[in-house]
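As structure tokens, the structure follows; a few thoughts come after it.
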Protein chains: 2
Amino acid sequence: MTQPISFSSDPALNINALKASCSACSMHQLCLPMGLDDADINRLDQIIGRRRRLLAGERLYQMGEPFRNLYAVRFGHFKTYQINASGEQQITGFQMAGELLGMDAISGDRHHCDAVALEDSEVCEIPFSHLEDLFGHVPALLRHFHRIMSQEITREQNVMLLLGNMRAEQRFAVFLINLSARYAARGYSSTTFQLRMSREDIGNYLGLTIESISRLLSRFKKQGWLKVDKREVTLLDPAHLKAMAAGTEQCSPMA
Amino acid sequence: MTQPISFSSDPALNINALKASCSACSMHQLCLPMGLDDADINRLDQIIGRRRRLLAGERLYQMGEPFRNLYAVRFGHFKTYQINASGEQQITGFQMAGELLGMDAISGDRHHCDAVALEDSEVCEIPFSHLEDLFGHVPALLRHFHRIMSQEITREQNVMLLLGNMRAEQRFAVFLINLSARYAARGYSSTTFQLRMSREDIGNYLGLTIESISRLLSRFKKQGWLKVDKREVTLLDPAHLKAMAAGTEQCSPMA
DNA sequence: CGCAGTCTTGAGCGCAATCAACCCTTGTGG
DNA sequence: CCACAAGGGTTGATTGCGCTCAAGACTGCG
């Protein structure tokens with residue numbers, strides 16, 4: 001998990017063209033098929049498209065491209081970002097295994113943001129028109145899909161709260177605790193993990209500069225709240241960080 | 001539209017218990033039934049619940065309440081806001097006629113924010129379980145519902161861009177131009193309209209203080225970009241404001 | 001009239017941005 | 001081997017945007 005994944009260049013071993021199988025996927029309890037019985041998972045398997053591998057930095061889709069597929073992350077990490085008229089980017093989210101990409105493209109039939117792999121990664125293509133066909137036959141799938149979209153709405157509302165109301169220190173604590181919880185849900189350590197994104201990406205996401213992120217890391221380290229080595233972070237006092245994220249712990253200024 | 005609506009206190013005239021009818025509703029080309037044919041609209045009418053009237057300041061639903069209904073705004077305006085652990089609120093949106101409320105509650109089965117009427121208003125109750133039943137029989141309705149949810153996701157991403165990247169002046173220009181476009185889509189003036197929300201609400205939504213909003217209004221007025229009288233705003237130079245919102249016009253500081 | 005709520009305006013400050021210098025790692029090519 | 005450059009990250013000095021604090025104006029309402 002912490003090492004970059006090297007893909008075989010032997011075409012016989014390349015599974016880019018292989019169809020994915022939800023039933024055999026380790027993420028099926030987090031992803032789209034969550035809660036489906038075996039029969040329904042099989043129906044979902046029928047329509048899931050091929051897998052697609054991306055190298056670090058490769059783009060999965062681009063703003064303006066016609067929308068055909070949702071993508072489920074099998075492994076690896078992605079960032080999604082918007083670019084406004086004046087060319088500045090705003091990262092709208094970081095996605096990891098089991099999470100769905102592309103839902104913002106359903107209205108408008110075109111992708112509304114860019115999605116880029118932060119490391120070597122793999123996704124399942126989910127042709128949306130086929131998924132729509134399936135909704136009529138598998139109500140449980142439809143219900144779960146609505147939950148996923150709704151969850152994305154609440155996630156973004158939480159980011160609005162973060163960007164609109166919180167000081168730098170609290171934003172960063174929220175960010176760390178959020179990553180921690182998501183890794184825990186996937187069976188990884190909730191206290192030690194690699195930051196897959198650069199300091200610049202973190203700053204952009206949190207509405208701060210790269211320098212502020214660097215200073216926050218240094219200060220949190222000095223306070224004994226975490227350990228940092230390059231991009232590996234260890235949370236030494238998760239309870240304190242959680243309190244800071246919740247806003248119950250007082251926030252001190254940056255300088 | 002610009003005057004507060006006074007409700008009759010005569011019970012015989014109170015239509016609170018009346019069922020709503022999409023086909024007869026002036027908002028049906030903006031709201032959930034958009035694009036449906038007559039037969040499908042009738043099926044939708046079957047499941048739409050009663051109308052509900054709210055006085056200014058009344059709460060439609062509260063965070064934590066069990067989720068049963070979506071609500072479509074018939075007339076009036078609402079604000080939705082979250083409250084975090086330390087008691088601070090963040091307004092996540094302002095809703096007007098034809099817009100849907102409550103989609104963030106689908107995951108989790110409980111409302112995730114509060115919705116409060118900004119003026120005397122009316123909504124249609126849409127029992128979500130009935131709507132789900134209908135999805136299987138009216139694919140066009142399902143497709144449009146997905147577009148509405150997706151649109152909400154992109155709307156929030158735009159707010160993230162605003163809160164994360166823009167200066168106060170640009171945020172406020174985006175806010176004004178957004179209102180202008182939404183009133184235009186409803187057949188109202190795109191240049192003169194009432195701000196239904198207080199300065200404080202605007203500030204909260206835009207991640208600014210009430211004082212900053214007041215100063216921005218004064219400055220925009222002094223620059224000749226708009227006229228302000230209490231809560232009535234007239235955009236005198238919409239092109240300039242649009243350019244500011246897009247970021248193509250240079251941004252000057254607040255002080 | 002008083003009073004409360006909303007809004008405006010001014011003065012000063014503080015948090016995070018900006019600007020700048022430097023470090024470290026990685027990769028390239030002589 | 002070293003020289004060099006590029007990218008990512010850290011740290012310090014300074015600036016400035018928008019917040020905070022404070023006072024006062026205006027409105028609506030009993």
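Residue numbers begin at 1 in each chain, while the letters A, B, ... track the order of the sequences.
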Strictly under 3.5 Å: I want the nitrogen or oxygen pairs between protein and nucleotides 10-12 of chain C, one per line.
unit_1  : atom_1 : unit_2    : atom_2 : d
dG10(C) : N7     : Arg215(B) : NH1    : 2.9
dG10(C) : O6     : Arg215(B) : NH2    : 3.2

Output every pair passing salt bridge (charged side-chain N to carboxylate O under 4.0 Å, His left out) with a member in residues 55-65 of chain B, not counting sequence neighbours, ordered by first then second residue. Arg59(B)-Asp114(B)
Phosphate contact (dG7(D) OP1 or OP2) by Ser198(A) side-chain N/O below 4.0 Å: no
Please collect all ring pair (Phe, Tyr, Trp, His ring centres under 6.0 Å) contacts where either partner lies in residues 196-221 of chain B, sequence neighbours excluded, each pair once. Phe94(B)-Tyr205(B), Phe172(B)-Phe220(B), Phe220(B)-Trp225(B)
From dC15(C), dT8(C), dC17(D), nucleotide with atom closest to Arg167(B) side chain: dC17(D)
Using a cut-off of 4.0 Å on non-hydrogen atoms, how would the nucleic acid contact of Gly207(B) be classed: base, sugar-phosphate, or nothing? sugar-phosphate
Select one nucleotide: of dC7(C), dT10(D), dC19(D), the one nearest the side-chain heavy atoms of Ile210(B). dC7(C)
Ignoring backbone atoms, establish whether Ser218(A) has a side-chain N or O less than 4.0 Å from OP1 or OP2 of dT11(D). yes
When we call it a touch if two heavy atoms are under 4.0 Å apart, what does Arg231(B) touch: a base, just sugar-phosphate, or nothing? sugar-phosphate
Has Ser212(A) got a side-chain N or O lying under 4.0 Å from the OP1 or OP2 atom of dC15(C)? no
Residues in side chain to side chain contact (heavy atoms under 4.5 Å, CB included) with Ala181(A), at least two apart? none
Qualifying residues under ring-ring contact (aromatic ring centres under 6.0 Å, His included), relative to Phe193(A), sequence neighbours excluded: Tyr183(A)
Scan nucleotides 25-30 of chain D nucleotide by nucleotide, 5' to 3', and note B when protein non-hydrogen atoms come under 4.0 Å of the base, S if they reach only the sugar-phosphate, - if neither. --S---
